[in-house]
Amino acid sequence: MTRFADVLARLVATIETRRGADPATSWSARLIADPQLAAKKLGEEALETALAAAQGDRSAIAAESADLVYHWLALLAATGVSLDEVAAVLESREGSSGIQEKARRGR
């Protein structure tokens with residue numbers, strides 16, 4: 001997990017350096033400037049990841065997952081939601097089964 005965490009931290013920092021950059025020259029800047037575009041791209045990458053998984057294509061799953069994580073981080077940057085906020089929600093769910101958690105949320 002350390003390798004993933006290290007890469008994730010570098011990616012978060014890179015995305016943040018693109019805040020305020022010219023959207024014409026930086027994809028990250030474009031996504032940060034346009035939360036709707038960031039949301040659309042995240043949805044596309046989620047679907048592509050799911051399709052790769054359904055096909056059992058390990059290399060495609062890894063590649064699409066990388067795209068998914070990048071676009072998720074860009075969406076967080078675009079909407080001003082911090083990783084700490086996400087972590088707080090995850091921590092609040094620790095020790096609960098997914099079934100119990102869904103029942104609590106009424107879904």
Side-chain angles (χ1 to χ4, degrees):
M1 188 63 164
T2 300
R3 183 176 180 190
F4 183 80
D6 291 346
V7 170
L8 192 68
R10 289 193 304 270
L11 183 55
V12 168
T14 298
I15 291 168
E16 193 54 39
T17 65
R18 303 305 195 266
R19 185 179 297 284
D22 182 0
T25 61
S26 168
W27 181 244
S28 293
R30 189 178 308 175
L31 293 171
I32 292 168
D34 187 348
Q36 288 182 337
L37 175 61
K40 178 180 177 256
K41 291 304 297 179
L42 179 65
E44 289 173 10
E45 297 303 340
L47 178 59
E48 290 171 3
T49 303
L51 290 173
Q55 294 171 346
D57 185 338
R58 290 178 59 86
S59 63
I61 294 167
E64 296 300 344
S65 293
D67 291 346
L68 178 62
V69 168
Y70 163 75
H71 284 91
W72 173 65
L73 292 171
L75 178 71
L76 292 180
T79 58
V81 175
S82 73
L83 285 174
D84 285 342
E85 289 174 83
V86 175
V89 173
L90 289 170
E91 287 171 339
S92 75
R93 295 177 181 173
E94 285 179 1
S96 298
S97 79
I99 293 170
Q100 291 171 331
E101 176 57 31
K102 282 188 145 197
R104 269 198 299 267
R105 288 186 277 156
R107 292 185 184 155

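If you read the sequence from its start, that first residue is 1, and numbering goes on from there.
The side chain to side chain donor-acceptor pair (under 3.5 Å) pairs that include a residue from residues 75-91 are S82-E85, where partners are two or more places apart or lie in different chains.
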**OP:** Report the C-alpha distance between L83 and L73 in whole Å, list the side-chain angles of each, state the deciding distance to 0.1 Å, and finish with yes or no for side chain to side chain contact (heavy atoms under 4.5 Å, CB included).
**Re:** CA-CA 9 Å; L83 285 174; L73 292 171; 3.9 Å; yes
**OP:** Show your reasoning for whether side chain to side chain contact (heavy atoms under 4.5 Å, CB included) applies to E44 and K40.
**Re:** CA-CA 6 Å; E44 289 173 10; K40 178 180 177 256; 3.1 Å; yes
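Shortest non-hydrogen contact noted between A21 and A29 is O-CB, 3.5 Å. The nearest pair of heavy atoms linking T49 to S65 is CG2-OG, 3.6 Å. Of all non-hydrogen atoms in A74 and L31, the two that sit nearest each other are CB-CD1, 3.7 Å. Closest approach of S28 to I15, counting heavy atoms only: OG-CG1, 4.2 Å. Listed here is the closest heavy atom pair of A77 and R19: O-NH2, 3.0 Å.
Cluster membership check: F4 shares its hydrophobic cluster with V86, using side-chain heavy-atom separations under 4.5 Å among Ile, Leu, Val, Met, Phe, Trp and Tyr. Under the 4.5 Å side-chain heavy-atom criterion for Ile, Leu, Val, Met, Phe, Trp and Tyr, W72 and I61 are members of distinct hydrophobic clusters.
Atoms CG and CG, from L42 and L37 in turn, are 11.0 Å apart once rounded to the nearest 0.5 Å. To the nearest 0.5 Å, the span separating CD on E45 from OH on Y70 amounts to 10.0 Å. A distance of 4.5 Å separates CD of E48 from CD of E64, quoted to the nearest 0.5 Å. Distance check, rounded to the nearest 0.5 Å: CG of L75 to CG of L68 gives 10.5 Å.
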Name the atoms and distances for all side-chain donor-acceptor pairs under 3.5 Å in residues 5-14, with sequence neighbours left out.
unit_1: T14; atom_1: OG1; unit_2: R10; atom_2: O; d: 3.0

